[in-house]
Structure formats: C-alpha cells, structure tokens
Amino acid sequence: KRKKYKENNITQKNVIEKGSNMKKKILLLFLILTMLLGLGINTYAEEPALTPDEVGPTFVLSPAFINDSNVQNADELRQQVSNKTAELEQMYGIKIAFEDNLTGASYLSRLLGYLSFLEETIKEIPTELYFSARAQLTAKGKILTVYFYQGGKNYNYGFMEQAGFYDPSTVTINLNSDALYMNPPELVQSFLHEYAHMLHLTLMDYTAFESRWTALNGGVQYTNEMWYVRDETIARTFISDYASSSYGEDFAESFAYFVVVPGDVIQQEAMKEPDSPVIQKMLLLREILSESFSIDPLVFLPF
C-alpha cells in the first residue's frame with residue numbers, strides 16, 4: 001500500500017525491513033484502541049497551542065518513573081536527546097520542541113523513546129505524500145513543529161485525557177506526554193491524526209471535498225459528541241467513535257487508519273463489504289491525497 005522513506009542513503013528495502021516489526025506491533029495496539037474499545041483521539045483541531053504561561057498543574061509521576069536508574073546518566077542522555085532531535089529535524093524537515101517540564105533528568109530516557117516512536121510513525125506515512133506535503137509547506141514559508149508538553153491546560157473526557165491537538169496558526173502538532181506515558185501507542189495514532197489535520201487545514205482546501213465525503217455517510221449525521229453508544233450503523237459508517245463527532249475528525253481518524261493498517265488488510269475488508277461507508281471513505285481518501293499532492297495512486301497499492 002505504501003512505500004517507505006529513502007533519504008540520506010537509507011534504502012527503501014532497509015527501511016521497510018526496519019519498520020515491518022514496528023508496524024505489526026502498533027497495528028495490534030491501534031486496533032485495540034480504535035476498533036475494540038472504540039476510542040478516538042481526544043483532540044480538537046481548532047484548539048490554540050499552549051504557551052508556557054498557560055501550562056497548569058502537571059500530573060504526579062509514579063515513583064518508579066522518577067527513580068529511573070538512567071537519571072544517573074543525565075548528561076549523556078541529554079546529549080542523546082539533543083542528537084536525536086537534530087537528526088530527525090534534518091532528515092524530515094521538522095522542528096521538535098519540548099516543554100521545559102520535560103527536560104529534567106527523570107524524563108530524558110522517556111523522551112528518547114518518544115523520539116524513536118515519532119521517527120517510526122513518520123516512516124509509516126507514504127514517502128511521496130510526506131515529502132510532497134513538506135515541499136508545499138516550504139513553498140508557503142512554513143515548517144511543521146512537533147511540540148511535546150506535559151499535561152496542563154487541556155481537556156479531560158471521563159477517564160481519558162486529551163492526547164494532542166493541531167494548531168493551524170503555528171503549524172504545530174502538540175502531543176501530550178502524560179497521555180503518551182500512560183499509553184505510549186497513543187503517540188502513533190495521535191501524530192497521524194494530527195498530521196491529517198495539518199494536511200487538510202493547512203495544505204488542502206478544507207471544504208472542497210466535504211460534500212463528497214459526508215455523502216458517504218448515507219444520511220447518518222455527525223454527533224458533535226465525544227462519546228456515544230456504538231451501534232451497527234455507526235460502526236459501518238465511521239472508523240472510530242471519535243470519527244462520528246464531525247467531518248474534520250472523521251477525515252483525521254480515517255487517515256490514521258489508512259496509514260497504519262496495511263493495504264492488504266483494508267483490501268480484504270473491502271472485498272467482504274465493498275459498499276460500506278468506511279471502505280468508500282478509504283477509496284475517496286486515496287483519490288483526494290493523490291490529487292492534492294500529485295501522487296500516483298499506485299503508491300497506495302495494493303489497496
């Protein structure tokens with residue numbers, strides 16, 4: 001369905017082999033999060049980015065986390081975080097920033113983990129799509145920023161904390177490290193979900209294909225709610241609970257699924273029920289991405 005990165009002398013074959021195990025791991029976790037539990041990303045695209053002054057009380061870290069033995073190697077870890085950050089910024093043309101609260105010794109080993117997850121997640125995005133989007137951002141004089149913050153002024157929905165949000169005014173994907181620490185695979189889904197918001201809010205005509213997209217709902221209305229009692233009609237129409245809340249979230253959730261789940265898996269589902277709204281949205285998504293970023297649809301094969 002998708003090709004992997006080939007940049008800085010990294011061959012496509014090597015990256016595919018490197019990412020295959022990662023894909024299998026996050027696929028299972030992703031499906032558990034979004035399909036079985038019906039959990040979407042707790043985020044709204046229109047929410048403004050946080051500033052240091054707006055960050056409120058942070059969550060209490062577990063003693064085991066605070067007493068991480070790696071704290072003894074704080075200087076070395078800090079350098080590793082710095083090196084990895086610089087490497088990712090150069091390779092993928094992004095800016096990575098951390099809230100000050102996250103730069104303490106007790107967080108450094110965790111930051112390295114986040115950066116590794118971020119790198120593997122970016123590799124899941126088709127190469128042609130990623131670099132076409134990056135080129136369009138550059139042409140607009142913009143750069144994508146990934147900002148890790150710790151709790152603070154965010155929304156909470158019952159037992160689940162907001163995992164992240166996209167700020168179109170600064171082209172920033174904000175990722176909540178507290179939520180990610182509680183559930184690390186959330187980073188994969190959160191980043192891809194927010195990256196989709198970046199695509200359709202910053203680089204694409206947000207309303208150009210809205211009518212075509214919503215028509216696939218077959219009359220099922222968006223709920224404008226975070227949670228609801230899931231039924232068969234909703235399940236056939238939206239890829240996750242959160243996708244049912246609005247058109248924008250439907251697009252973002254569908255994109256995350258489209259990127260993470262192997263094309264042959266989606267193809268098998270399409271063969272079982274080709275007329276389902278979810279599958280039709282995947283087909284429309286492939287068409288929209290191909291047209292908007294001048295990508296050969298064959299990139300998304302076998303789906």
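Below, each value reflects all heavy atoms present in this structure, side chains not excepted, and no hydrogens, waters or symmetry copies.
- With E76 as reference, Q80 is the one residue of R78, Q80, Q79 to meet the side chain to side chain donor-acceptor pair (under 3.5 Å) rule.
- Partners of Q268 according to the side-chain contact (heavy atoms from CB on, under 4.5 Å) rule, which considers only residues two or more places apart in sequence or in another chain, do not exist here.
- The CG atom of L118 sits 11.5 Å away from atom OG of S190, with the distance rounded to the nearest 0.5 Å.
- Judged by distance alone, the side chain of Y166 and the main-chain N or O of L201 form no donor-acceptor pair under 3.5 Å.
- The side-chain contact (heavy atoms from CB on, under 4.5 Å) test with S244 singles out one residue from I239, T237, V220, T223, and that residue is T223.
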Evaluate the side-chain contact (heavy atoms from CB on, under 4.5 Å) criterion for residues T145 and T170: first the C-alpha distance (whole Å), next the side-chain angles of each, then the deciding distance (0.1 Å), finally the verdict. CA-CA 8 Å; T145 297; T170 59; over 6 Å; no
Apply the test side-chain contact (heavy atoms from CB on, under 4.5 Å) to residues L137 and T202: give CA-CA distance (whole Å), side-chain angles for both, the deciding distance (0.1 Å), then the verdict. CA-CA 8 Å; L137 279 177; T202 302; 3.9 Å; yes
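- Nearest heavy-atom pair across E273 and R236 is OE2-NE, 2.5 Å.
- Residue E186 holds its CD atom at 10.0 Å from NE2 of H193, rounded to the nearest 0.5 Å.
- In this structure, a donor-acceptor pair under 3.5 Å is present between the side chains of S169 and D167.
- The side-chain contact (heavy atoms from CB on, under 4.5 Å) test applied to F293 returns L129, S132, A133, Q136, L199, L203, M204, L289, I295, not counting sequence neighbours.
- Checking F251, Y222, F255 one by one against W213, the ring pair (Phe, Tyr, Trp, His ring centres under 6.0 Å) holds for a single residue, F251.
- When atom types are taken as modelled, the side chain of E194 and the backbone of I173 share no donor-acceptor pair closer than 3.5 angstrom.
- The nearest pair of heavy atoms linking A196 to A252 is CB-CA, 3.6 Å.
- How far CD of E120 is from CG of L187: 11.5 Å, rounded to the nearest 0.5 Å.
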L144 vs M198, test: side-chain contact (heavy atoms from CB on, under 4.5 Å). Steps then yes/no. CA-CA 9 Å; L144 176 63; M198 186 279 290; 4.2 Å; yes
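- Note on I125 and I143: separate hydrophobic clusters, where clusters join Ile, Leu, Val, Met, Phe, Trp and Tyr whose side-chain heavy atoms are under 4.5 Å apart, directly or indirectly.
- Going from atom OG of S292 over to atom CG of L285 covers 9.5 Å, rounded to the nearest 0.5 Å.
- Between the CG atom of L192 and the OH atom of Y195 there is a distance of 9.5 Å, given to the nearest 0.5 Å.
- E128 places no side-chain N or O within donor-acceptor distance of the main-chain N or O of D296, the cut-off being under 3.5 Å.
- Pairing each heavy atom of S290 with each of P297, the nearest pair is OG-CA, 3.6 Å.
- With rounding to the nearest 0.5 angstrom, the OH atom of Y107 is 9.0 Å from the CD atom of E99.
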Decide side chain to side chain donor-acceptor pair (under 3.5 Å) for E253 and S240; before the verdict, give the C-alpha distance in whole Å, the side-chain angles of both, and the deciding distance to 0.1 Å. CA-CA 7 Å; E253 287 285 88; S240 72; 2.4 Å; yes
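- Between the side chain of T207 and the main chain of E210, no donor-acceptor pair closer than 3.5 Å is present.
- L102 and S177 make their closest contact through CD2-OG, 3.3 Å (heavy atoms, listed as atom of the first residue, atom of the second, distance).
- Listed here is the closest heavy atom pair of D250 and A243: CB-O, 3.2 Å.
- For the pair M282/E269, no side-chain contact is recorded, criterion being any heavy-atom separation below 4.5 Å from C-beta on.
- Applying the side-chain contact (heavy atoms from CB on, under 4.5 Å) rule to L216 yields the partners Q280, K281, L284; only residues at least two apart in sequence or on another chain are considered.
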Given side-chain contact (heavy atoms from CB on, under 4.5 Å), test R212 with E287 step by step and report yes or no. CA-CA 12 Å; R212 294 174 62 194; E287 179 183 340; 2.9 Å; yes
Check the pair Y114 / F98 against ring pair (Phe, Tyr, Trp, His ring centres under 6.0 Å), numbers first and verdict last. CA-CA 11 Å; Y114 291 165; F98 307 100; 8.7 Å; no
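- Checked against the 6.0 Å centroid criterion, the rings of F238 and Y257 do not qualify as a close aromatic pair.
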